[in-house]
Amino acid sequence: MDFNLSEERRMLTDTAERFIRERYPIEKRHDFAASELGFSRAMWRDFAGLGLIGALMPPEVDGYGGTGEDIMLVFEALGRGLVVEPFLASGILGASPLIDTGDAQTLGQVMAGERLLALAHGEPDGRYALSHVRTRATQGAEGWRITGAKSVVFNGGSADTLIVSARIAGDADAEDGLALFRVDPHQQGVARRGYATIDGGMAAEITMGGAIGEPVGTPGEAYPMIERAIGRGILAVCAEALGAMEVAKDLTLDYLKTRVQFGQPIGANQVLQHRMVDLLIEIEQARSCIMLAASTLDAERTTRERNLSAAKHLVGRVGRLVAEEAIQMHGGVAMTWELALPHYAKRIVMIDHLFGDTDHHLERFIRFSREAG
Amino acid sequence: MDFNLSEERRMLTDTAERFIRERYPIEKRHDFAASELGFSRAMWRDFAGLGLIGALMPPEVDGYGGTGEDIMLVFEALGRGLVVEPFLASGILGASPLIDTGDAQTLGQVMAGERLLALAHGEPDGRYALSHVRTRATQGAEGWRITGAKSVVFNGGSADTLIVSARIAGDADAEDGLALFRVDPHQQGVARRGYATIDGGMAAEITMGGAIGEPVGTPGEAYPMIERAIGRGILAVCAEALGAMEVAKDLTLDYLKTRVQFGQPIGANQVLQHRMVDLLIEIEQARSCIMLAASTLDAERTTRERNLSAAKHLVGRVGRLVAEEAIQMHGGVAMTWELALPHYAKRIVMIDHLFGDTDHHLERFIRFSREAG
Amino acid sequence: MDLSYSAEEQAFRDEVHDWLKQRLPKRLSAKVRKAQRLTKADYDEWHTLLGTRGWMAWHWPVEHGGTGWTPVEKHIFEEEMIAAGAPRIIPFGVNMLGPVLIRYGTEKQKAHYLPRILSGADWWAQGYSEPGAGSDLASLRTRAVRDGEHYIVNGQKTWTTMAHFANRMFCLVRTDPNAPKRQQGISFLLIDMDSPGIEVRPIITLEGEHDVNEVFLTDVHVPVENLVGAENDGWTVAKYLLNYERTGIAGVAASKQALAGLKRIAATERKDGRALAEDPYFAARMARLEIDLMAMEIFNLRLIAAAGMGKSPGAESSLLKIKGTQVRQEATDLLRRAVGPYAAPDLPEAFDEGWNGQAPGPDYALALARGYFNMRKASIYGGSNEIQRNIVAKHLLGF
Amino acid sequence: MDLSYSAEEQAFRDEVHDWLKQRLPKRLSAKVRKAQRLTKADYDEWHTLLGTRGWMAWHWPVEHGGTGWTPVEKHIFEEEMIAAGAPRIIPFGVNMLGPVLIRYGTEKQKAHYLPRILSGADWWAQGYSEPGAGSDLASLRTRAVRDGEHYIVNGQKTWTTMAHFANRMFCLVRTDPNAPKRQQGISFLLIDMDSPGIEVRPIITLEGEHDVNEVFLTDVHVPVENLVGAENDGWTVAKYLLNYERTGIAGVAASKQALAGLKRIAATERKDGRALAEDPYFAARMARLEIDLMAMEIFNLRLIAAAGMGKSPGAESSLLKIKGTQVRQEATDLLRRAVGPYAAPDLPEAFDEGWNGQAPGPDYALALARGYFNMRKASIYGGSNEIQRNIVAKHLLGF
C-alpha cells in the first residue's frame with residue numbers, strides 16, 4: 001500500500017490548482033456560465049494547453065494519464081474552482097467509449113480543445129437506470145439510422161459530436177442489444193434544445209428522427225462501454241464534489257473566524273466548532289472512499305462498480321450534510337447570489353442527481369456486494 | 001379538539017406518580033427484579049389497591065378506565081419508576097382478549113392483584129410477525145389440546161393463567177385459523193423455563209405437548225383479538241418509554257448542572273445544551289405521537305393501527321437517541337450499575353425489541369397508509 | 001383529551017373551504033400552485049378580498065376587526081388557505097405591526113393605520129435587520145436624531161422582504177447611542193417609503209430571485225408623531241412583536257401541503273418499473289417525514305392551546321420553529337430527490353405568469369431544486385435555529 | 001498511490017495467519033468468540049505465547065524487543081489477531097508503560113521492567129482517572145509526599161481496568177499542590193499492588209460485569225526510584241503516553257470483525273419468510289455501515305502512514321477516534337437489532353467457560369444487547385468524543 005502521489009501527479013495537481021486559483025475567479029465563472037455557450041471556449045483551450053484534458057486519457061490514445069488517480073486529481077481541482085468547462089461531457093463521458101475503442105484521432109482533437117463531445121444516453125422516464133434505452137437504431141442501405149429522445153444531456157447543446165446510445169434489440173431495460181453511435185448533431189433529423197441547470201451548467205434535450213450514426217464498437221454489445229463511461233463519470237463527479245466540499249468547508253471556517261456577532265467571532269460558539277469537526281471527518285471519509293474507488297477503476301467489474309457505488313453513495317450523504325451545514329453556519333448571507341459559497345452548495349447537492357443518487361447507489365452497492373459474496 | 005386531562009384522569013396520574021415516587025425507589029426496584037419472581041407480590045397488591053390495574057380495564061368488565069388515555073397515563077407513570085410488576089403481561093396483554101370476550105370474573109381477580117396472566121403468543125423464528133403461529137390446537141373428545149413452543153413470554157414463568165395462541169387451520173403465517181386458549185400452566189404437558197431480561201424484566205420459554213386449553217372467543221377467528229392485545233401493548237410500552245425518557249432527560253439535565261469539570265458545570269458547554277434541546281424536542285414529538293395513538297385506540301382498524309405503528313416507530317427512533325445521549329452526556333458514571341440512569345436507558349432501548357422495532361413499524365405504517373389511501 | 005375535530009370545528013372548516021372555493025380567483029391559485037412569481041397587484045387583490053370577508057386580520061382582537069377564533073380554528077384556517085392554493089398574507093402589516101399598534105400605538109396611530117392594514121391600503125416592510133447584525137438584533141446602528149418635529153434617520157437595513165412593493169416601513173433605530181446597554185436607546189419608528197433619502201436596492205438570492213432588499217436611509221425626515229411607544233423603549237416593542245402569538249410558527253399547514261404534493265409526485269414518478277412511492281427507501285423517507293409531521297401537528301396545537309388565547313407559547317415557540325423548519329426542509333429535500341435528473345434544469349422564465357413553454361421533464365419538476373435551496377432560509381431567518389436552541393436552553397432548561 | 005496490498009504485505013499476512021492457526025489455543029479462541037469471560041490465567045497464557053514469538057511488544061523499537069513493522073503490517077497483524085479470535089493484548093504494560101519507560105525510564109527501570117513486560121511477568125494497571133475528574137485528567141487529587149527514600153501516597157483512582165488482576169500500577173500523583181498551573185506538580189510513579197495500604201474494589205458495570213475497579217491508596221510507601229521522569233514533570237510523561245502511536249485507534253479490525261459477524265447473523269435470521277439480510281431496510285443499514293467502514297479503513301491507514309513510523313498522527317487521532325467509535329457502536333446497534341425479541345434474554349452464567357446450557361434463542365443472541373450497552377463506553381473513555389472534538393477544533397481548525 002502506498003498513499004503518496006508520484007512526483008508527476010503532484011505537478012499535475014499543483015498546475016491545475018494554481019491555474020484555477022489565479023485565472024478562474026468566481027465572477028468570471030458566473031460570466032462564463034451565463035453566456036450562451038455556458039462556458040468559455042478560450043478558457044477551454046487554455047485548459048487543453050495545460051494538459052488537463054489529456055491527463056484524463058491513457059497513453060494508448062496518446063493521452064498522458066487516464067487512471068482513476070488522474071481523474072480524481074483533475075476533478076478535485078475543477079471542483080475547487082467550480083469550473084464550468086465541459087470536462088465531464090467531453091473529457092470523460094463522451095471520451096470514454098472512444099478510449100475503449102482506441103479512437104486516438106478524435107480524442108486528439110478533444111485533448112487539443114478543438115472538438116467537444118457529449119454522451120447522449122439518459123432518456124425521459126429512465127431516471128438513473130443504466131440500461132433503460134428506448135431510442136432505436138436500425139441498419140439500412142445507407143447505414144445506421146437513429147430515432148428517439150435523449151434527456152438532460154450535459155453540454156449536449158454545444159457538442160460537435162454526440163455519442164448516442166440506442167437499442168438494436170431487446171426490451172427497454174435490457175442490458176443486451178445496446179449500441180453506441182457517433183452522431184453529427186448538425187445534420188437534419190437531430191433537434192437540440194439547450195438550457196441552463198441550477199448549478200451553473202448546461203444540458204439539452206435531444207430528439208432524433210432517423211439521424212445518421214456511425215457505430216462505436218460492436219452494435220448490440222455496448223452496455224459494458226456505457227457502464228465504463230458512467231463509472232468514470234461517477235468517479236469524476238465524486239472528486240469534483242470533494243473539491244467543492246473542501247472549499248465550502250474552508251469558506252465556512254474562515255467565516256466563523258471573522259464574522260463577529262454578540263461581540264465575538266461566531267466561531268467561538270462551541271456548537272459550531274463541533275459541527276465543523278464533524279464536517280471535517282465526513283469530508284475525509286468521502287475522500288478516503290473516493291481514493292478507494294479511484295484505485296480500483298481498472299479492476300474487475302464487481303470490485304470496480306461496488307467501490308464506485310460506495311463512493312457515490314457516501315458523497316451524496318456527506319455532500320448534503322456539508323452543503324446544508326455550510327449554508328446554515330453562514331446564515332443569511334449564504335442565501336445571496338453574491339457570495340461564492342451558495343454556488344458551491346448548489347453544485348455539491350446537484351451532483352447527487354448525476355448518475356444515480358445516494359439511495360440508488362446504496363442499493364447498487366448491496367447488489368454488487370452480494371455478487372462479491 | 002381538547003388537549004386537557006379530565007379531573008379524574010389528573011387524579012389517577014397524580015396518585016400513580018406520587019406512589020411510585022415515594023414507595024418505589026430504584027434500589028427496591030433492583031431487589032424486586034433480582035428476586036426469583038422478578039417482581040414484588042406485595043407491591044403488586046398495593047398497585048391493585050390503588051386502582052392502577054383496574055384503570056386499564058373498561059367499565060364493561062367492571063374496570064374504571066381502559067381507554068387509550070388511561071393506558072397512556074398509567075404506563076407513563078410506570079415508566080417513570082421503571083416498575084417491574086407485571087402490568088404489561090397481566091393488565092394489558094393477557095387481559096385484552098378477556099376484555100374483548102367480556103370475562104369480568106377473571107379480570108376481577110386480575111384487578112384485585114390475585115391472578116397473574118401472560119399472553120403466550122410469540123414463537124421461535126416468528127420475530128415480530130403477528131400472524132406467525134406454528135403451535136397447533138386440535139379438538140378431541142375431552143376438549144382442545146395444544147402442542148407447540150412459545151418464546152420470550154413476558155412474565156410467562158409466574159403467570160397463574162396463560163392465554164395461548166394456536167393454529168387450528170392454515171399456514172404458519174396465515175391470519176385465518178388462529179385461536180386463543182386459556183391454559184393452566186400447572187398441568188402436565190406444560191413446561192416453563194423462566195429467565196431474566198437485560199432490562200430488569202422476566203420472560204419464559206414455554207413448551208406444550210397436548211396441554212388442555214379452553215377457548216377464548218371463537219377458535220379460528222382470533223387474529224383481531226391478538227392484534228388488539230398487541231396494539232394495546234404497543235401503546236402501553238410507548239407510554240412507558242415516554243415516562244422513562246422523561247426521567248432520563250431530567251437526570252441528565254440535573255447532572256449537567258451539577259457536575260463540575262474544568263472548573264465549571266459541564267452544562268456550560270453549549271454543545272451539551274443544544275443536544276439537550278434536541279432531546280426535549282424529540283421527546284415532545286414522541287409524546288404527541290403517543291397521544292394521537294392513544295386517542296384512536298378505539299377507532300376503526302386502519303386509523304388505529306397506522307397511528308400505533310407511527311408511535312412505535314417514533315418511540316424506537318427517539319428512544320435510541322435519548323438513551324444514547326443521556327449515557328454520553330453523563331460520561332463514565334453512566335456505565336455503572338450503581339447509577340439509576342443506565343437502567344432507564346436499557347429499558348428505553350429494549351422497548352424497541354417489543355412488538356416490532358422501529359423499522360418493522362415504519363413498514364407497517366406504510367402498509368396501513370396505503371390502505372387509508 | 002380528545003384529538004378529533006368537534007362538529008363546530010368541522011363546520012368552521014367547511015365554511016372556510018367553501019368561501020375559498022368560491023372567492024379565491026383561479027388565476028391566483030394557479031400561479032401559487034406553479035410557484036410562479038406573484039405581483040404586487042396579485043397580493044393586493046387577494047388582501048382586499050380577505051379584508052372584505054373580515055378575514056384579513058384573523059389574529060387581532062375582535063374589537064379591532066379580528067376574528068376571535070380559537071387556536072384550533074386558526075390552524076384550520078391556515079390549512080384550508082394553503083390547501084386551496086391561496087397566496088400567503090403578507091405578514092408585516094397585519095401580523096406584525098397591527099398587534100404592536102393595538103398594544104403601543106397612540107389613538108391617532110390606531111385610527112389611521114389599522115383600517116389601512118385591514119383594507120390592504122398600506123403595504124408595510126419590516127426594517128429590523130442590518131448588515132452584519134444577523135441574529136444579533138440589538139447591535140443595530142441606524143441612527144435617528146431628533147430635530148424639532150422630526151427624527152433625521154441615517155443608516156441601512158437589509159433582508160427587507162418585499163420592500164420594493166412597500167409604501168411604508170416600521171423600523172428599529174438607535175435614538176440614544178450612549179445608553180448603558182445595547183438594548184436601550186432603541187426606538188420604533190413608522191417611515192413612509194416615498195420619503196426623500198430612501199433607496200431600495202434588490203438582493204438577488206442564491207436561486208436568482210428578487211424578494212429581499214437592502215434599504216438605505218440618508219437624512220430621512222420622519223415626523224415625531226410616527227414614534228410608536230416611548231422614545232428609547234423600542235426594544236420592548238420589538239420583543240412584544242416577536243412574542244406575539246404565531247399559530248403557524250411550525251408551518252404545519254405548509255408542510256402538509258408539501259407532503260401531499262410529494263405523494264402525488266412519488267405516485268407519478270417511475271423507478272425500476274414501478275411508482276417511486278413503492279420504492280422501499282423512498283417510501284421510508286416519506287413515511288418518516290409523515291410521522292414527524294403527524295407528531296408535530298399535535299405538538300403545535302398542544303403548545304398553542306396550552307398558552308391560551310392570544311398569547312404566545314413563549315420559549316416553546318422555539319421548539320416549534322426548530323422542528324417545523326426541519327420537517328419543512330426535509331419535505332423540500334424529498335421533493336428534489338423525487339424527480340431525479342430533472343431536478344437540474346433551471347428555467348427562470350417558467351415562473352412568470354402566462355409562460356406556456358415546455359419543461360424538459362415534468363412541469364412539477366421545475367420548481368423543486370429552487371424550492372429546496374430557497375427553503376434553507378427557514379432555519380436562518382427570524383432567529384436562526386442555533387439562536388432558538390440558545391433560547392430554549394436558557395428559558396426552558398434553565399442553563 | 002496504490003491501495004492494494006503488496007506481495008510482501010500479503011506474505012506477512014500469511015505468516016501471521018499461519019502462526020495464529022497453529023499456536024492460538026482453540027480453548028481461548030472459542031471463549032473469545034462466545035464473548036465469555038477470560039481469566040487472568042487465560043491472558044497470561046496468551047501473553048506468554050506472544051512473547052515467545054516476539055510479537056508481544058509489536059509497537060516497540062526493534063532494539064527493545066519490538067518488531068519494526070510498518071503501519072500497514074501492524075494493521076494486518078491486528079486484523080489477523082481479531083479475525084482469529086485471539087484474546088486482546090492487555091495494553092497497559094506493553095502499549096502504554098513500555099514506550100514511556102523507553103523514553104523516560106532510567107537504565108535500571110528499563111532493565112528491570114521491560115523484560116518483565118515482554119515475558120508477561122508483570123500485569124500493569126493504569127492509575128490515571130480519579131472520581132469526579134472524568135476527562136479533566138489534570139484535576140487529579142491523589143497526593144504523594146516525599147519522605148526520605150519514599151513517597152507516601154494517599155488518594156483514590158477509579159475506572160482502573162483489570163486492576164484486580166494487576167500486580168503493578170503506573171500512577172499519576174500530585175507532588176506539588178502549590179504549582180501555579182494544575183498541569184504542573186504532577187509526577188508519574190510505579191506502584192506495587194501488594195504494597196500495604198492498597199485496596200481494590202470492584203465497579204459493577206451497567207450490564208452487571210466486573211472489569212473496572214476503584215483503587216484506594218492509604219499511606220502507600222513507594223520507593224523514590226519508582227519515579228519515572230523528573231518529579232513534577234509527570235504531565236509531560238502522561239501526554240507522551242497519550243500521543244504514542246496507536247495504529248488501532250479507529251478500531252477498524254474490531255469493526256470489520258463485528259460486521260462479518262453481523263452479516264452471518266443477518267443471513268441466518270429470518271424476516272417475513274426470507275433472510276434478514278434481504279430486508280431492504282436492514283440491508284441498507286448494514287450497507288451504510290460497511291461503506292463507512294471501508295472509508296474509515298483507508299482514512300485510518302492514510303493518517304497513520306502520513307504520520308510516519310512510530311509517530312502519532314497527533315490531533316488527527318481524534319478524528320479517527322470519533323469516527324471509529326461511531327462505526328463500532330453502530331455495528332453493535334445492528335447486532336442487537338438483528339436478533340429481534342431474542343436480544344432481551346440475559347443469562348450471565350452463559351459467559352462462564354464450560355457453560356453448556358441452552359439459550360432461549362440462538363446462541364449468538366445472548367451477548368448482543370450486552371455488547372451494545374457495553375460499547376457505549378467507547379465514545380466516553382480515553383477522552384470523550386466531545387473532548388476529541390474540542391481537540392480537533394483547537395489544533396486542526398485553529399479555533
Side-chain angles (χ1 to χ4, degrees), chain B residues 1-6 9 67-69 72-73 249 253-254 256-257 265 267-270 272-282 284-296 299 303 306-307 309-314 317-318 358-359 361-370, chain C residues 1-6 8-10 70-73 75-76 263 267 277-278 280 282-288 290-306 315-316 318-324 326-327 385-399:
Chain B
M1 281 190 171
D2 179 7
F3 298 91
N4 298 312
L5 296 183
S6 65
R9 295 263 171 53
T67 67
E69 197 176 348
M72 181 180 84
L73 295 174
K249 183 203 73 185
L253 190 55
D254 192 49
L256 292 183
K257 288 178 182 174
N269 286 286
Q270 191 192 29
L272 302 187
Q273 294 184 9
H274 279 210
R275 283 157 62 176
M276 281 305 296
V277 172
D278 288 337
L279 293 197
L280 180 63
I281 291 172
E282 295 304 325
E284 289 308 318
Q285 283 280 100
R287 183 197 311 283
S288 303
C289 208
I290 296 167
M291 285 171 71
L292 184 62
S295 76
T296 56
T303 302
R306 180 173 179 268
N307 288 347
S309 280
K312 189 68 169 59
H313 163 75
L314 194 57
R317 177 146 53 98
V318 174
T358 191
D359 284 351
H361 281 286
L362 190 65
E363 232 181 304
R364 198 166 177 267
F365 173 83
I366 293 168
R367 217 160 56 237
F368 279 105
S369 295
R370 285 192 186 129
Chain C
M1 188 180 105
D2 180 1
L3 305 195
S4 55
Y5 289 106
S6 68
E8 293 75 19
E9 287 161 348
Q10 196 52 55
T70 66
V72 173
E73 285 167 338
H75 174 68
I76 290 170
K263 284 180 171 180
E278 284 165 41
F282 202 82
R285 287 185 187 271
M286 288 203 301
R288 277 193 293 265
E290 182 161 11
I291 291 170
D292 282 345
L293 180 50
M294 285 163 63
M296 188 174 74
E297 182 171 15
I298 304 293
F299 186 20
N300 183 44
L301 286 167
R302 267 175 56 211
L303 284 189
I304 287 164
E316 279 90 355
S318 297
L319 302 174
L320 294 175
K321 174 114 198 294
I322 294 167
K323 195 71 211 176
Q326 287 171 343
V327 167
N385 280 9
E386 289 73 28
I387 297 286
Q388 306 296 345
R389 286 193 182 89
N390 286 346
I391 291 171
V392 174
K394 184 171 173 192
H395 295 288
L396 294 182
L397 298 179
F399 283 111

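Below, chain A is the first sequence line, B the second, and so on; all start at residue 1.
- Residues C/Arg288 and B/Phe365 fail the side-chain proximity criterion, which asks for heavy atoms closer than 4.5 Å.
- For B/Ser6, there are no side chain to side chain donor-acceptor pair (under 3.5 Å) partners two or more places apart in sequence or in a different chain.
- With values rounded to the nearest 0.5 angstrom, C/Glu316 atom CD is found 8.5 Å from B/Leu280 atom CG.
- Of all heavy-atom pairs between C/Ala295 and B/Cys289, the closest is CB-CB, 4.0 Å.
- Taken to the nearest 0.5 Å, the CD atom of B/Glu69 stands 4.5 Å off from the CE atom of C/Met1.
- Under the rule for a salt bridge (Lys or Arg N to Asp or Glu O under 4.0 Å), the partners of B/Arg364 that lie at least two apart in sequence or sit in another chain are B/Glu227, B/Glu305.
- C/Glu9 places a side-chain N or O within donor-acceptor distance of the main-chain N or O of B/Met1, the cut-off being under 3.5 Å.
- Contact of C/Glu386 with chain B is made through backbone and side chain together, with heavy-atom distances under 4.5 Å.
- Contacts between B/Leu292 and chain C at a heavy-atom distance below 4.5 Å involve backbone atoms as well as side-chain atoms.
- Among B/Arg306, B/Gln285, B/Arg317, B/Glu363, the residue with the largest count of heavy-atom pairs under 4.5 Å with chain C is B/Gln285.
- Residue C/Leu396 touches chain B through its side chain alone, counting heavy-atom pairs closer than 4.5 Å.
- Closest approach of B/Ala310 and C/Ile291 over heavy atoms only: O-CG2, 3.7 Å.
- For the atom pair B/Ile281 CD1 and C/Ile322 CD1, the distance stands at 4.0 Å (nearest 0.5 Å).
- Of the charged side-chain nitrogens involved, at least one lies within less than 4.0 Å of a carboxylate oxygen, so that B/Glu282 and C/Lys323 count as a salt-bridged pair.
- For the 3.5 Å distance criterion, the side chains of C/Asn390 and B/Gln270 qualify, holding a donor opposite an acceptor.
- Ranked by heavy-atom pairs under 4.5 Å with chain C, the first of B/Met291, B/Arg287, B/Arg9 is B/Met291.
- With rounding to the nearest 0.5 angstrom, the CG atom of C/Asp292 is 6.0 Å from the CG atom of B/Leu314.
- In summary, C/Glu278 and B/Arg370 do not engage in a salt bridge, as defined by a charged side-chain N under 4.0 Å from a carboxylate O.
- Contact count against chain C (heavy-atom pairs under 4.5 Å) is highest for B/Asp278 among B/Ile290, B/Asn307, B/Asp278.
- Between chain B and the residues C/Ser6, C/Ala306, C/Ala284, the most heavy-atom pairs under 4.5 angstrom are made by C/Ala284.
- Contact of B/His313 with chain C is made through the side chain alone, with heavy-atom distances under 4.5 Å.
- For the atom pair CD1 (C/Ile298) and CD (B/Glu284), the distance works out to 13.0 Å, reported to the nearest 0.5 Å.
- To the nearest 0.5 Å, the span separating CZ on C/Phe399 from CG on B/Leu253 amounts to 5.0 Å.
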Given B/Phe3 and C/Asp2, is the side-chain contact (heavy atoms from CB on, under 4.5 Å) satisfied, shown in steps?
-> CA-CA 6 Å; B/Phe3 298 91; C/Asp2 180 1; over 6 Å; no
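- Among all heavy-atom pairs drawn from B/Leu362 and C/Ala287, the shortest one is CD1-CB, 3.6 Å.
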